[in-house]
Amino acid sequence: MDGTQAELQAQGALDGVRVIDFGHVLAGPFCTMQLAALGAEVIKVETRARPDEQRAHRGDGVADDLEGNSNFFEVNLSKKSCSINLSMEEGRELAKRLVATADIVLENMRPGVMAKLGLDYSALREVKPDIIMLSLSGFGGTGPLKRYAAYNPCFTSVGGVSHLTGYAEKKPNTMTNSGGDARAGTAAVFAALMALTVRRQTGRGQYIDSSSCEVINSMIGDQMMDYAMNRRSPKRHGNSDADLAPHNVYRCKGEDEWISIAVATDGEWQGLAAAMGNPDWAADPALSTASGRKAAEARLDALIGEWCAGLGYVEAMHLLQSHGVAAMPSFKAEDLFRDPHVRETGAVAEVDHPVLGRRTTIAPVLRMSRTPARIYGTAPRLAADNSYVFGELLKLPEEEIRRLEDAKVIW
């Protein structure tokens, strides 16, 4: 590798881009963390007056130690932190001065909050005409639901995914994990990158109104099309497929171990039968076609389930895959972090944190040879970069910084 190549590999794709992060909780911070992994300088604006819920233990009240919450760690890697009290006029003026140095602003407050603070797009354009502002909310900035509260279960429900997730005989699954937030944050990354590209071409910034609900809805386009064209409203059907069988998740012998198996072709069916030792029942001519297997789905699930119960889920995966069958374990978190494939591909990384210690976390998913995404540092302590932001970036005199600290504007 020559010097030029080494220099290129040391750079991030977004080197030189500065992002001011007014995000909180998960979707907004997840977006800016991905931008930071691409090399952008992300400055998180926080305040002790109202800490991020992820610092304060998910809204259970302000914790004594705002630095020890792993929730905050997981979505704020590689960022800087400064403390500005936006409830004060001087604080809002400081925020504007900071935005004037930036390329992108992100916020994921309820629509209308930034306008009340005097920090909406029209106000920020006055201090930085080519600024890109990304507003990420549950239901977008227009429409009758725009000011409604929204956490992951809310917008996955309105987005239509919850209605389609779960078993037919049971209630919808509201997806109580953070998957919807992460998807909304990832879509916002794409929008920000497109806006940067347009600005480089035209010199003009723009406002991005991103709705988490619409992001989730875009994931079920085929289901929406089915209704638009055929007036069929899709329903929950568990792990089954409309045409394929077997197509399910089966219990293995380990504690809470499950393996997913999907057979799409006659050749894959023959591979499954071979992996199972070609039992007599698998030779039934009725099972030689996809339609025949679908008609016998319940019986097949029972028989395959009996076989899987005698194997560990990793053992079953290797055996089935060796016969060309699409089969993978439903990994638990501890197994995922230990999996040799995950380790070798660099999908997990270890990061040191001053309070939490050495932690294993998910690495950036983008694999680019010249400008790789990577974790540049741990999640910041609150106000860790005040000296850099107010002293170096905004060039405030030390006595002015002390005055603002005493007045709890920098707080």
Side-chain angles (χ1 to χ4, degrees), residues 18-37 40-99 101-102 104-109 113-114 117 119 136 178 181 185 351-359 361 375-394 396 398 400-411:
R18 179 173 294 137
V19 179
I20 308 304
D21 179 4
F22 292 101
H24 65 117
V25 191
L26 206 157
F30 187 82
C31 169
T32 50
M33 185 175 71
Q34 306 313 306
L35 297 175
E41 179 186 57
V42 176
I43 300 175
K44 186 175 178 68
V45 177
E46 310 183 69
T47 176
R48 291 181 178 84
R50 188 176 182 181
D52 189 327
E53 290 181 25
Q54 298 291 71
R55 283 198 188 274
H57 299 280
R58 289 190 173 274
D60 295 336
V62 178
D64 292 334
D65 181 7
L66 295 176
E67 309 299 344
N69 195 331
S70 62
N71 295 324
F72 184 86
F73 169 87
E74 293 292 347
V75 292
N76 287 283
L77 296 167
S78 306
K79 301 180 186 180
K80 293 181 171 68
S81 168
C82 72
S83 53
I84 302 177
N85 188 348
L86 296 178
S87 68
M88 304 181 73
E89 181 60 32
E90 281 191 293
R92 295 190 287 274
E93 289 304 314
L94 268 184
K96 288 181 180 180
R97 292 184 61 178
L98 187 56
V99 168
T101 73
I104 300 173
V105 171
L106 175 135
E107 61 91 11
N108 65 315
M109 303 179 195
V113 171
M114 291 295 277
L117 292 172
L119 297 173
L136 176 55
S178 59
D181 293 283
V351 181
D352 289 320
H353 186 273
V355 175
L356 297 170
R358 193 160 184 80
R359 301 294 295 246
T361 188
I375 296 172
Y376 288 83
T378 191
R381 288 175 178 264
L382 200 160
D385 301 284
N386 276 2
S387 294
Y388 164 73
V389 170
F390 302 120
E392 296 183 38
L393 204 56
L394 299 188
L396 297 182
E398 288 187 14
E400 176 66 2
I401 293 175
R402 286 196 295 271
R403 182 190 73 80
L404 293 170
E405 289 174 341
D406 292 340
K408 293 190 175 181
V409 174
I410 296 177
W411 175 247

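What's counted below: heavy atoms across the whole structure, side chains too, no hydrogens, waters or symmetry copies.
Summarising the geometry of C82 relative to V389, their closest heavy-atom pair is CB-CG2, 3.8 Å, with the distance given to 0.1 Å. Scanning all heavy atoms of the two residues, the minimum distance from I20 to A102 falls at CG1-CB, 3.5 Å. Smallest separation of non-hydrogen atoms from M109 and E107: N-OE1, 2.9 Å. Closest approach of K96 and L119 over heavy atoms only: CG-CD2, 3.7 Å. Between S70 and L356, the shortest heavy-atom distance links the atoms CA-CD1, 3.8 Å.
The CG atom of L26 sits 11.5 Å away from atom CZ of F72, with the distance rounded to the nearest 0.5 Å.
Among residue pairs with one or both ends in residues 70-87, those qualifying as salt bridge (Lys or Arg N to Asp or Glu O under 4.0 Å) are D21-K79, E41-K80; sequence neighbours excluded. Residue pairs that meet the salt bridge (Lys or Arg N to Asp or Glu O under 4.0 Å) test with at least one member in residues 22-33, sequence neighbours left out, do not exist here.
Applying the side chain to side chain donor-acceptor pair (under 3.5 Å) test to S387 and every residue at least two apart in sequence or in another chain returns nothing. Every side-chain contact (heavy atoms from CB on, under 4.5 Å) that E67 has, sequence neighbours left out, goes to R55, D65, V355, R381, L382. The salt bridge (charged side-chain N to carboxylate O under 4.0 Å, His left out) search around D181 returns none, not counting sequence neighbours. Applying the side chain to side chain donor-acceptor pair (under 3.5 Å) criterion to N386, with sequence neighbours excluded, gives S83. Residues passing the ring-ring contact (aromatic ring centres under 6.0 Å, His included) test with H24, sequence neighbours excluded: none. Scanning for side-chain contact (heavy atoms from CB on, under 4.5 Å) contacts around T101 gives R18, L98, L393, L394, with sequence neighbours left out. Residues meeting the side chain to side chain donor-acceptor pair (under 3.5 Å) test with T47, sequence neighbours left out: none. Under the rule for a side chain to side chain donor-acceptor pair (under 3.5 Å), the partners of S81 that lie at least two apart in sequence or sit in another chain are E46.
Proximity of Q54 to D52: side-chain heavy atoms (C-beta onward) are separated by under 4.5 Å at one or more points.
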Distance-only criterion, 3.5 Å: show the donor-acceptor pairs between side-chain atoms of residues 402-411 and protein atoms not counting sequence neighbours.
from: R403; atom 1: NE; to: E400; atom 2: OE1; distance (Å): 3.1
from: R403; atom 1: NH2; to: E90; atom 2: OE2; distance (Å): 2.6
from: R403; atom 1: NH2; to: E400; atom 2: OE2; distance (Å): 3.0

